[in-house]
Amino acid sequence: MQTKQKKRFFNAKFDPFLILILLVALFLYGWQIWKAGSANDFYTAAITSMTQSWKNFWYASFDPAGYITVDKPPVALWFMAISAKIFDVHGWSVVLPSVLFGVGSVYLLYRLVTPTFGRVAGRFTALIMTVTPIVVADSRTNNMDATLVFFLLLAFSFLVKATKMGEKRWLFVSFALIGVAFNVKMLQAFMVLPAMYVFYWLAAKIKWPKKLLNLSVATVVLAIFTLAWPLSVDLTSAQNRPYEGGSEHNSVLELAFGYNGSQRLLGQTTGTGGTFPGMSGSKEKTNAPKKAIKEVKVTTGSKTQTTPTGTKPKVPSGQQSGKTGGPGAAGNATGGKTGQGGGTAGAGGGAFDIGTAGITRVFQKSLGRQVSWLLPLALIGVISSFSYFADPKRRWYQLSQAQKELILWLGWLVPVFGFFSVASFFHPYYMIMLAPPIATLAGIGLTTLWADAKQEKRLWRTALLPIAIAVTALLQAWYVADYYLWLSWLIIALAVFSIIIIISHSRGLARPAFILAICTIMLAPTWWSLTPTIAAESAGIPTAGPDLLTSDQQANGGVGSGTVNKKLLAYLEKNQGQAKYLFATSDSGTAAPYIIKTGKAVMAMGGFNGTDPAITLKQFKKLVKNGQLKYYYSSGKSGNTAIVNWIKKHAKKVATSKYGGTTGTGQQTTEMNNVTKGPTNTKSMQGQPTGVKPTSKPTSSGGANIAGPQGVPTSNGSSAKATTKTAKMPTGGTKTQAMQPGGQSSGTLYDLSDIY
C-alpha cells in the first residue's frame, strides 16, 4: 500500500489545464519586467554590491565597500545576485527570481491539493493563486515576499509527504526549509509553524511518543537552519564585516526579533528616527519624533500650502512611501475616496494605509482589494469541505486525511489573519501571506460546495453554495464600486441570476449556472491582477488596481527607483582620486542610484532611513583624515546629527555651478507627481499630508500627489528643505506636466578634503 502511495505522490499525470495556468502565471508575473528600471533600488544596489565580492554576497552588503547591509537577511537576495551575475544587473534580471518563485508557488499549490482533493480542486486552487492581485504585484518585484511564500509552500509539500510516506527525513527537510525561510524574511516565516506542528501530530501514523521525538528533532533542525547565518554574522568581529542595517547594536538577532519582529506587531520605533505616524492603522494620534520643525511652502495653482519638515509626516493615502523608497522617489499617485482607517479607495492606498485594526481589517478596502476577493468563499467553503470529507463510519473527532489537510491550511490562515488584524506596522503587500490558504480553501471549497448543492436532501449544506456566491459577490461589488459602478451591478445581477438557477435545481442548467457564478466572482480579481502587468509595474511598494493604469509611475520602476544627477556624478568621479568612497550621504535612498549606475562605493551613513548608528564621529573623521572620503552630499534628509554638524562647521561647500546643485539632487527630481484620475466622486486630495488643511480643492475625479525631493513628503515619508515650485491643478482628472530631471532642489555638496 505504501509503495502505491509513493508512486501516486511522485508520478502526477500530465494536466494540460495546469500547463495553461502556469503559462498565465508566467505572463502575469513576467510580462514587461524588462521595463522594471532599477526596480526597488534599495535592494538592487545591494545586488550590485553582492556581485562584486564573496564578502558582500554573504553579508548582503548594501554598498560595494561593505560598510552597511540591507535590513533583511540574504537568502532571497542571493538568488537575485546569482541572476545578476549571470545576466548582469538589470531591472529584469533582479526581478526574474521572484517571477520564477511566483510561478513555482502556483505549481506547488496544485501538487499539494491534487493528491487528496482531486484535480478539479487543484486547478481551482492554482488559478485563484495565479490571479490574486497582490501575488501578481509581489512576483513582479525584487522584494522578498514571493521567495518567502515559495519556501513556505515547499516546506508544506515535504511535511505532507512525511505524513503520507511515513518517512521522518521529509519532516526534518520541511522544518529545515522553514529555517531557510527565516533567512528570507525573518519571523514572518514562523507564522506557519503552529499549523505544521498540529498537522504532523494529527496526520503522522505513528504512536505519540515517536511523534514527540520526531517533532523535537525537527525543532532542533529548525533552530540550526534558522540560526546558522545570523550567528555566523553576530559572532564575526564588527571590524571584519558590514554594519547590520536596521539594528541598533549591529546584530542580526536584534534585527530579527526587534525591528523585523516585535516592532511589526507593536509599532516601529527603531531604525526610523521615531515611530512613523499613521502606521498603526488606527485613528488615534501617534507621537511624532521630537525634532525641530521647519515649514516649507509648496505652491499649487495660486495657493500655497505649508508642510512641516524635520519630522516624519503622516504619509498621505495613495502616496507610495515607506520602507522601499528613496528620498525624492516619487510614489504612485492613487486617487480615491477616503476609506476605512484613513485609507483610500486606491490600489492599496499607499505604504502605510493598512486600514483600521480589528477583525474586519483584512476585509477593508485598504487591504481587501489586494487579497480578500474570495475570502468569504474560502471561509464558507471550509465549512462545506470539512463536513463533506467527514467519514460517517467514524467518530466526529476521528479525522480523515482530507480534514487534517484542511486543518493545515486553516492553521496557516488563522494566525496570519489574526496578526494582520492587530499588527501596528506592515505594508499592504505583505498580504501575499494570506494568498495560499485563501486560494486553497476556496479552490477545495468550490468542489465541495458544488457537490453539496446537488444533494437536495442535505438542506443546510445545499444552501452553502448560494450563500457563498452571494456574500462573495456583495464584497466584490463593494470593492469595485469606487471605480466601476456598472461592474458592481453586473456582478450582483449575474450572481443573483446564477443563484436562482442553482437553487431551482433545474436539470441541465445548474452546471452552466455554477460555471457562470465562478466566472462572475473571478471577473473583478482577475482584472485587478492584470493591472500590474499592463502597467509594467515593478515598484518598491507593490500594489495592484486600476490606479496603476492612470499613473505616470506605471512603467518607471515605481517607488525606490531614484535617478542620478549626471552633472554631480561627473564632478565626483573626476575628483574622487584615490578615495575609497565616491561620496557619503545620510541614507541609502540617496546613495542607491549611484551605486547601481557606477558600481562604486557610496556610504549611506545611517542606512535606510539615515538613523542607524553605524558610524561614530571619530570613525568618520578618521576616514576623512586618511583620504578615504572626500565628499559629503546632503540631500536634505536627517542623519547622524553630530557628523552632519561637524561637516557643516568645517567642510567647504562646493559651488553649485560645478555639480548642478540647483538642477538635481541625485534622486528623482519631480517635485510634482503627475495627478491621476482615481475613482469617481473623489473628495480627498492625494498627497496631502495628514493634518494639513488643503489649500487647493481637487476636482471630483482627480487629486494631487505632491512628492518632491526636498521638503515635501517623499517616497519613504521623509521631508527635507524645500524649493517653492508652482504647478497647475488638473481639471477633470487629467494629468499635469511633471517636472523633468533638472528641476530645482537644494541638495548641497561638501568638500571634506581640506579639513585636515
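Between the side chain of Arg140 and the backbone N or O of Leu28 there is at least one donor-acceptor pair closer than 3.5 Å. Side chain of Gln403 to main chain of Ser400: a donor-acceptor pair is present (N/O by atom type, distance under 3.5 Å, no hydrogens or angles). A donor-acceptor pair under 3.5 Å links the side-chain atoms of Ser93 to the main chain of His90, judged by distance alone. Proximity of a side-chain donor or acceptor of Arg361 to a complementary backbone N or O of Ala423 within less than 3.5 Å is detected. At distances below 3.5 Å, at least one donor-acceptor pair connects side-chain atoms of Ser498 with backbone N or O atoms of Ala495. The backbone N or O of Ala535 sits nowhere less than 3.5 Å from a side-chain atom of Gln32 that would complete a donor-acceptor pair. The backbone N or O of Pro133 sits nowhere less than 3.5 Å from a side-chain atom of Ser529 that would complete a donor-acceptor pair. Between the Ser385 side chain and the Val382 main chain, no donor and acceptor come within less than 3.5 Å of each other. A donor-acceptor contact shorter than 3.5 Å links the side chain of Thr472 to the backbone of Leu377. Proximity of a side-chain donor or acceptor of Asn183 to a complementary backbone N or O of Gly179 within less than 3.5 Å is detected.
In this structure, Pro436 and Leu153 approach most closely via the heavy-atom pair CB-CD2, 4.0 Å. The two atoms that bring Leu159 and Ser174 nearest to each other are CB-OG, 3.5 Å, heavy atoms only. Closest non-hydrogen pair, Ser387 versus Arg461, comes out as OG-NH1, 3.2 Å. Minimum interatomic distance between Leu465 and Ala453 (heavy atoms only, all atoms of both residues): CD2-CB, 3.7 Å. When every heavy atom of Ala189 is checked against every heavy atom of Phe182, the shortest pair comes out as CB-N, 3.6 Å. Listed here is the closest heavy atom pair of Ala39 and Thr44: CB-OG1, 4.2 Å.
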Quiz item: When you look at Asp15 and Tyr110, which way does the side chain to side chain contact (heavy atoms under 4.5 Å, CB included) test go after all the steps?
Solution: CA-CA 10 Å; Asp15 187 344; Tyr110 176 87; 2.5 Å; yes

Self-check item: Candidate pair Tyr483 and Trp528, rule ring-ring contact (aromatic ring centres under 6.0 Å, His included), full reasoning
Solution: CA-CA 11 Å; Tyr483 293 90; Trp528 246 253; 5.5 Å; yes

Quiz prompt | Chi angles and distances behind the side-chain hydrogen bond (donor to acceptor under 3.5 Å, both in side chains) call for Asp452, Thr462 | solution = CA-CA 5 Å; Asp452 284 338; Thr462 303; over 6 Å; no

Self-check item: Verdict with supporting geometry, Thr163 and Trp170, side chain to side chain contact (heavy atoms under 4.5 Å, CB included)
Solution: CA-CA 9 Å; Thr163 61; Trp170 302 126; over 6 Å; no

Practice problem: Please report the C-alpha distance between Thr132 and Met431 in whole Å, then the side-chain angles of each, then the deciding distance to 0.1 Å, and finally whether the side chain to side chain contact (heavy atoms under 4.5 Å, CB included) criterion is met. | Solution: CA-CA 10 Å; Thr132 299; Met431 290 293 102; over 6 Å; no

Quiz item: After noting the C-alpha distance and the side-chain angles of Met129 and Val149, does the key distance pass the side chain to side chain contact (heavy atoms under 4.5 Å, CB included) rule?
Solution: CA-CA 11 Å; Met129 181 70 175; Val149 168; 4.1 Å; yes

Quiz item: Does the ring-ring contact (aromatic ring centres under 6.0 Å, His included) test come out yes or no for Phe124 and Phe17, once each step is laid out?
Solution: CA-CA 10 Å; Phe124 279 143; Phe17 288 96; over 10 Å; no

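Using a 4.5 Å cut-off on side-chain heavy atoms (C-beta onward), Trp92 and Lys35 make no contact. When side chains are defined from C-beta on, Asn143 counts as touching Pro542, because their heavy atoms get closer than 4.5 Å. Looking at heavy atoms from C-beta onward, Ile128 lies in side-chain contact with Met522 at the 4.5 angstrom threshold. Counting heavy atoms from C-beta outward, Phe156 and Phe199 have side chains that stay 4.5 Å or more apart. Here the side chains of Asp145 and Met433 are not in contact, with every heavy-atom distance at 4.5 Å or above. Side-chain contact between Trp478 and Leu474 is absent, with no heavy-atom pair separated by less than 4.5 Å. In this structure, Leu406 and Ile444 have side chains that are in contact, with non-hydrogen atoms separated by less than 4.5 Å. With a 4.5 Å cut-off on side-chain heavy atoms, Thr440 and Thr125 count as touching.
Residues Arg369 and Asp482 are paired through a salt bridge, judged by an N-O separation under 4.0 Å between the basic side chain and the carboxylate. Between Lys164 and Glu405 there is a salt bridge, since a side-chain N of the basic residue sits under 4.0 Å from a carboxylate O of the acidic one.
For the atom pair Met191 CE and Phe420 CZ, the distance stands at 5.0 Å (nearest 0.5 Å). Considering CZ of Arg511 and CD1 of Ile502, their distance stands at 11.5 Å, rounded to 0.5 Å. Rounded to the nearest 0.5 angstrom, Leu148 CG and Tyr430 OH are separated by 11.0 Å. From Leu399, atom CG reaches atom CG of Asp391 across 10.5 Å, with rounding to the nearest 0.5 Å. We find the CZ-OG1 distance between Phe117 and Thr447 to be 8.5 Å, quoted to the nearest 0.5 Å. Note that OH of Tyr388 and CG of Leu449 are 11.0 Å apart. Values are rounded to the nearest 0.5 Å.
Remark: Lys168 is not positioned above the aromatic ring of Tyr200, lacking an NZ or CZ atom under 6.0 angstrom from the ring centre and at most 45 degrees off the axis.
Relative orientation of the Tyr484 and Trp527 rings is perpendicular, given thresholds of 30° and 60° on the angle between their planes.
Counting only N and O atoms by type, the side chains of Asn40 and Thr141 include no donor and acceptor under 3.5 Å apart. Defined by atom type and a distance below 3.5 Å, a donor-acceptor pair is present between the side-chain atoms of Thr360 and Gln364.
Shown here is Trp34, whose CH2 atom has more than 12 heavy atoms of other residues, nucleotides or ligands within 6.0 Å. Under a cut-off of 6.0 angstrom, the local environment of CD1 in Ile359 is sparse, with at most 12 non-hydrogen atoms contributed by other residues, nucleotides or ligands. More than 12 heavy atoms of other shown residues, nucleotides or ligands fall within 6.0 angstrom of atom NZ in Lys404. The neighbour count for Phe172 CZ, taken as heavy atoms of other residues, nucleotides or ligands under 6.0 Å away, is above 12.
Aromatic ring centres of Phe158 and Phe175 lie farther apart than the 6.0 Å criterion allows.
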